[in-house]
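In what follows, every chain begins at residue 1, and chains take the letters A, B, ... in the order their sequences are listed. Note that this is a predicted model, so its numbers are computed, not measured.
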2 protein chains.
Amino acid sequence: MTTLTEENYIKAIYHLGKHGTENVSTNAIAQEMDTKASSVTDMVKKLAEKDLVNYKKYQGVSLTQTGVLTAVNIVRKHRLWEVFLVNKLNFSWDEVHDVAEQLEHIKSPKLIDELDAFLDFPTHDPHGDPIPDKDGHFSKLDKVKLSKVAVNTTCTCVGVDDSSSDFLKYLDKHNIALGSKIKVMATEPFDESITILINGVHLSVSKHVSNNLFVRAN
Amino acid sequence: MTTLTEENYIKAIYHLGKHGTENVSTNAIAQEMDTKASSVTDMVKKLAEKDLVNYKKYQGVSLTQTGVLTAVNIVRKHRLWEVFLVNKLNFSWDEVHDVAEQLEHIKSPKLIDELDAFLDFPTHDPHGDPIPDKDGHFSKLDKVKLSKVAVNTTCTCVGVDDSSSDFLKYLDKHNIALGSKIKVMATEPFDESITILINGVHLSVSKHVSNNLFVRAN
DNA sequence: AATAATTTTTAGATAACTCTAAAAATTATT
DNA sequence: AATAATTTTTAGAGTTATCTAAAAATTATT
Ligand SMILES: [Mn+2]
Ligand SMILES: [Mn+2]
Ligand SMILES: [Mn+2]
Ligand SMILES: [Mn+2]
């Protein structure tokens with residue numbers, strides 16, 4: 001059985017190292033989890049003991065097969081709860097993350113699969129991130145950063161890379177949501193800002209925005 | 001801020017001492033929580049320090065006003081989650097308790113009130129126990145134990161006193177559910193068992209059953 | 001290749017919660 | 001009222017997860 005703390009470490013390693021496959025440094029984990037490197041070392045030893053991570057002193061850690069499975073299951077729970085909060089409980093997409101951080105640790109063999117069915121087996125969460133199915137398989141959606149889209153092309157917003165509350169609120173304010181049609185009107189070389197057409201309105205957005213919005217070509 | 005452990009102690013004191021008003025003994029808490037009396041003493045001191053309980057050495061504990069408020073809020077969360085699990089996620093009434101024990105500790109100012117609205121402000125949980133509203137007020141429902149009902153009277157099942165999985169499954173097996181009409185046909189003095197008519201079927205039930213089924217007169 | 005800077009680990013301490021065993025207080029029995 | 005039984009508290013120690021400070025290993029710079 002994994003503790004809440006162990007699960008959070010597993011999740012951090014999963015997210016930092018390309019789905020847990022790459023080696024992740026002690027410091028990177030410490031930063032991600034807002035803790036000290038010495039604490040990370042302690043926990044990583046414990047996780048290695050439990051065969052959840054591969055660890056060699058000074059060489060960083062990666063997830064074992066069991067570790068990846070554990071991580072994917074937590075991600076599944078997190079994202080399903082986010083869908084529930086937005087679709088059923090009137091949460092906005094900038095409010096769900098903290099609550100999902102708690103709900104993702106609830107242990108029940110039945111709960112998540114029933115929730116999945118109740119939500120009609122969603123494939124993506126409110127931020128456009130894919131939800132793994134019961135067996136851990138992700139539905140691949142080929143998305144591209146808005147900054148890569150050519151001028152005069154229209155595309156559809158399908159996700160965000162930055163899901164900080166501030167960024168999401170900014171998008172809300174300018175009526176940019178998943179499903180929004182965006183036409184790239186112009187790009188400015190000097191500051192890499194771009195002008196887009198959204199809901200009939202012209203809007204100039206910074207490099208940060210275009211680099212953190214995922215779109216699909218139409 | 002209350003920890004998960006503190007919340008569980010508060011809840012135990014609330015349930016053992018008539019809504020936290022009566023004094024509860026250290027041993028009673030230890031038994032309820034499946035822990036040692038010495039651990040209870042430690043925690044009770046901590047709770048007294050936080051002004052959640054009234055405590056005098058060797059005299060037992062009761063909840064303060066803040067303690068009652070905390071307890072009622074946990075009970076509210078527990079019962080609302082139980083309704084959610086039964087009404088929305090196809091859980092049966094004998095499966096919900098353990099999951100609700102986990103969910104009741106989720107902290108979110110918005111979550112519970114939205115859940116309450118989503119469930120259409122239920123007044124009772126799947127076991128017939130009242131759900132306090134936002135302000136901690138319980139809707140009183142005058143219920144009586146089936147064992148108190150006179151012969152030849154018909155009544156409606158509105159709750160259970162024993163909500164152990166075994167007892168609930170027994171009720172399921174004999175199609176006794178909240179809302180079921182029950183007519184008391186006969187009482188046997190020698191073992192205090194009674195014969196009831198339910199769904200057109202005659203059934204003899206033990207003293208335990210009649211003492212743990214709440215009914216409302218019709 | 002030697003030295004400096006950085007990263008990582010170890011050592012030792014602390015906080016929250018738990019336990020066992022012994023001491024103290026209360027309650028029951030004679 | 002004295003003694004016995006029970007309950008409750010204290011003392012001391014273990015576990016998990018955290019921290020600071022110092023030591024060791026790795027990586028970068030000269
Ligand atoms: Mn999230
Ligand atoms: Mn998300
Ligand atoms: Mn319950
Ligand atoms: Mn209940």
Sugar-phosphate, base or nothing in reach of A/Lys56, heavy atoms under 4.0 Å: nothing
Short side-chain N/O contact to D/dT18 OP1/OP2 from A/Ser39, under 4.0 Å: no
Nucleotide D/dC19, atom C1' - distance to CE of A/Met33 in whole Å: 15 Å
Residue closer to the 5' end of DNA chain D, B/Gln59 versus A/Thr5 (nearest nucleotide): B/Gln59
N/O donor-acceptor pair under 3.5 Å between B/Lys88 side chain and B/Leu119 backbone: no
Any donor-acceptor pair under 3.5 Å from A/Thr2 side chain to A/Glu7 backbone: no
Nucleotide forming a Watson-Crick or wobble pair with C/dA15, both distances under 3.5 Å: D/dT16
Candidate nucleotides D/dT8, D/dT18, C/dT9, ranked by approach to the side chain of B/Ser25 - the nearest: D/dT8
Cationic N near anionic O, under 4.0 Å, A/Arg76 to A/Asp113: yes
Nearest-angstrom distance from the residue atom CD of B/Glu49 to C1' of C/dA16: 15 Å
Nucleotide D/dC19, atom P - distance to NZ of A/Lys36 in whole Å: 6 Å
Interatomic distance, B/Asn27 CG vs D/dT6 C1' [rounded to whole Å]: 9 Å
Base-pairing mate for D/dT27 - Watson-Crick or G-U, with both contacts under 3.5 Å: C/dA4
Side-chain N,O (B/Thr35) to OP1/OP2 (C/dT18) below 4.0 Å: no
Proximal nucleotide (of C/dT9, C/dA25, D/dT10) relative to the B/Lys45 side chain: D/dT10
Comparing A/Asp42 and A/Lys57 on DNA chain D - which has the more 5′ nearest nucleotide: A/Asp42
Any A/Tyr58 side-chain nitrogen or oxygen under 4.0 Å from OP1 or OP2 of C/dT6: no
Pairing nucleotide - C/dT20, Watson-Crick or G-U, each distance under 3.5 Å: D/dA11
Between C1' of C/dA16 and CD of B/Glu6, the distance in whole Å: 9 Å
Gap between atoms CG and P, on B/Asn23 and D/dT8 respectively (whole Å): 11 Å
Check: A/Ser38 side chain, D/dT20 base, donor-acceptor under 3.5 Å: yes
Any side-chain donor near an acceptor of the partner, B/Asp125 and B/His78, under 3.5 Å: no
Minimum-distance nucleotide (side-chain atoms of B/Met43 versus C/dT9, D/dT18, C/dT18): C/dT18
Pair B/His15-B/Glu32, side-chain donor/acceptor within less than 3.5 Å: no
Phosphate OP1/OP2 of D/dT16 contacted by A/Tyr9 side-chain N/O (<4.0 Å): no
d(CG, B/Leu4; P, C/dT18) in whole Å: 10 Å
Ring geometry between B/Phe138 and B/His19 (parallel below 30°, tilted from 30 to 60°, perpendicular above 60°): tilted
Touch class at under 4.0 angstrom, heavy-atom based, for A/Thr26 against every strand present: sugar-phosphate
